[in-house]
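Everything below concerns the one structure shown next.
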Amino acid sequence: MGNSVIWKLLWSIFIANLDFSSTADFFSDSALLGKSRFQDDTPKFVQEPDDSYHIVRNKPATVECKAINAVRINFRCAGQFMEPTHMENIVDQETSTKILSAFVNVERADVEEYFGGDFWCECFAYNTNIGLDGVGGIRSKQGTIEIAYLRKRFEREPLMTRVQVSKTTQLDCLPPEGKPLPEVFWLKDNVEINTKDGYYIVSNTGDLLISQTQLRDMGNYTCGAKNLAARRLSESASLIVYVDGSWSSWSSWTECSVKCGKGETRRMRTCTNPAPLNGGATCVGDSVQTNPCGSICPVDGRWGAWSSWSTCSTECQHHRKRYCNDPPAKDGGSYCIGNDLDGGNCTGGRCRVRGIGIEDADHGLLEQNPSREATNTSTNNDTLIMIIGLCIAVVVFVVVIAIVVFLLKRKYQNQGYMAGNIPPIGNAEEKKNKNGQDMMSVQPDLTQQVVVFPHH
C-alpha cells in the first residue's frame, strides 16, 4: 500500500513536468539522431580539445569540440561552465554521419584573471537538451590555455670562435624563455642556414655544430628564436677558421759554396704547404739545413828571397840562389816559374880571361849552369860593346900611326936623306934589341888574364 502510493506520487510529478515542447524535443532529438530510442545513443567525441592553446597578443584562443549522437555541447573552463561561442551541425562527407561542432573563445583577460594555476578547458556532450550542465553527458580531455610570449634576452649567446680547419665547431645558443617553447634557427651573414642537408646541425639546446669546418664557413653567425608571440635575434659572433702552416718538401742540396777549402752545402724548405692563414701557427723548425763540404786546396809554390851574392871568383863571376819555399808547392800546386840560380860578372865587365875572351868564359859558365842564361845575356851584351869599342880604338890608333909614319917618311925624303945614308944597325944593336935592353919598354896588359875553369 505504501509503495504503490509512492510510485503514484512520482509518476504524477513526472507527468506534471512534461509539456508539449518537451515532447516535441524528445521526438525531434530522436529524429536528429536518426536512431530509435531503444538504440545506443551515447554521445562520442570525434574531436577533443588540443593539449595546449596559446593566446597571441589580444587574439583569443579557440577551443573546439566535435561529437556524434549529441544534441548539445558546452564547455567548462577553469571550473566555470561556458556556453559555446558557436555551435552547428555538420555532415561528414565520407560517412554521411551527422556531427555536432562547437567552439568557445577564451580571451586574454580570462586567463590573466585566473590565479588557480594553469587555465584549462574541457567539453561536455549531451544527447538531450534537458538536464543540468555536466550531468548526463560525456566529458572530453582538458586542454591548457596559456598566453604566448617570448622574452628578449637570450640565456646564452654565441661568442667569437676560432677553430682550426677540418675541426669541429660548436657555437653556443640558449634561446629566451617563452611559451610555447621557441624554435631555434641560425643565420650566417644575415641569411638563414638550411639545417636539413646535414652539414649544419642544431642541437636540442640550440647549439650550432659543424663537424668538418672549412674556410668557406667563416662569417658572422646569429642565433634566432621564434614562437607564436615573437621572433628574437642574438648578437652576432664571428667564426674565424685558421690554418696552421706546414713545411714543404726539402729542396735538393746546393753545390759546395767553395771550390776548395772549407765551405757548406745547404737545402731549404718553405712554410707553404699550406701557409699560415688567419692567425694560424707558423711552422716549427729550421727552414735551412747546412752540411760542411770542401776539399784540400792545392798550394802554388812561391819563390823565397834571394840569398846574398857569393864572393867574386877568379873567373870574375859571382852568383846567388833562391828556393821555392814561400810557400812550397803542395797538394797538386804548381812549382815556381823561373830560375833558382842567378849569376853574373862581378867586375862590371872590366875583367878579361887569359886564353879566352869574356864571351867564351861566360859561355863556359852558361854550359855549367844553364840557369844563368838570362842573367849572362845582359853581361855578354856589355862585353860585346866593350870589345867593339876597343877594336875601334885600335883601328884609330893604327891609322894615326900610319899617318905619322907616312909624314915622317915624306919629311926625310924632302931633306935629301936616302935610304943608304941611314947608318945600318949594327950587330951589337940588334943584339941589344933582341935582349930587350935598349928597346922601348912595353907595359903588360893587366886586363888580359887567363880564366881557368874548374873541372868537375
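Numbering of residues begins at 1 and proceeds along the displayed sequence.
Residue pairs meeting the side-chain hydrogen bond (donor to acceptor under 3.5 Å, both in side chains) criterion with at least one member in residues 273-292, sequence neighbours excluded: Arg267-Gln289. For residues 159-203, the set of pairs meeting the disulfide bond (SG atoms under 2.5 Å apart) definition, not counting sequence neighbours, comprises Cys173-Cys223. Residue pairs that meet the ring pair (Phe, Tyr, Trp, His ring centres under 6.0 Å) test with at least one member in residues 65-85, sequence neighbours left out, are Phe81-Phe124. Residue pairs satisfying the side-chain hydrogen bond (donor to acceptor under 3.5 Å, both in side chains) criterion with at least one member in residues 74-87, sequence neighbours excluded, are listed as follows: Asn74-Tyr126, Asn74-Asp133, Arg76-Glu122. Within the structure, every pair that satisfies the salt bridge (charged side-chain N to carboxylate O under 4.0 Å, His left out) test and touches residues 107-117, not counting sequence neighbours, is listed here: Arg108-Glu112. The ring pair (Phe, Tyr, Trp, His ring centres under 6.0 Å) contacts involving residues 158-190 comprise nothing, where partners must be two or more places apart or lie in separate chains. Pairs passing the side-chain hydrogen bond (donor to acceptor under 3.5 Å, both in side chains) check and including a residue from residues 134-143, sequence neighbours excluded, read Asp51-Lys141.
Residues Asn69 and Thr42 approach most closely at ND2-O, 3.1 Å, considering heavy atoms. In plain terms, the two heavy atoms of Pro298 and Gly332 that are nearest each other are CB-C, 3.8 Å.
With sequence neighbours excluded, the residues that form a salt bridge (charged side-chain N to carboxylate O under 4.0 Å, His left out) with Asp207 are Arg156. Taking Phe154 as the reference, nothing meets the ring pair (Phe, Tyr, Trp, His ring centres under 6.0 Å) condition, with sequence neighbours excluded. Remark: Tyr114 pairs with Phe119 by the ring pair (Phe, Tyr, Trp, His ring centres under 6.0 Å) rule, at least two apart or across chains. Take Lys179 and apply the salt bridge (charged side-chain N to carboxylate O under 4.0 Å, His left out) test, not counting sequence neighbours, and it matches Glu146. Glu192 pairs by the salt bridge (charged side-chain N to carboxylate O under 4.0 Å, His left out) definition with nothing, not counting sequence neighbours.
No side-chain N or O of Ser310 forms a donor-acceptor pair with one of His318 less than 3.5 Å apart.
In this structure, Cys316 and Cys346 have their SG atoms no less than 2.5 Å from one another.
Contact check for Gln317 versus Cys312: no side-chain heavy atoms found under the 4.5 Å cut-off.
No more than 12 heavy-atom neighbours from other residues, nucleotides or ligands sit within 6.0 angstrom of CD on Glu255. The local environment of CZ in Arg57 is sparse, with at most 12 non-hydrogen atoms from other residues, nucleotides or ligands closer than 6.0 Å.
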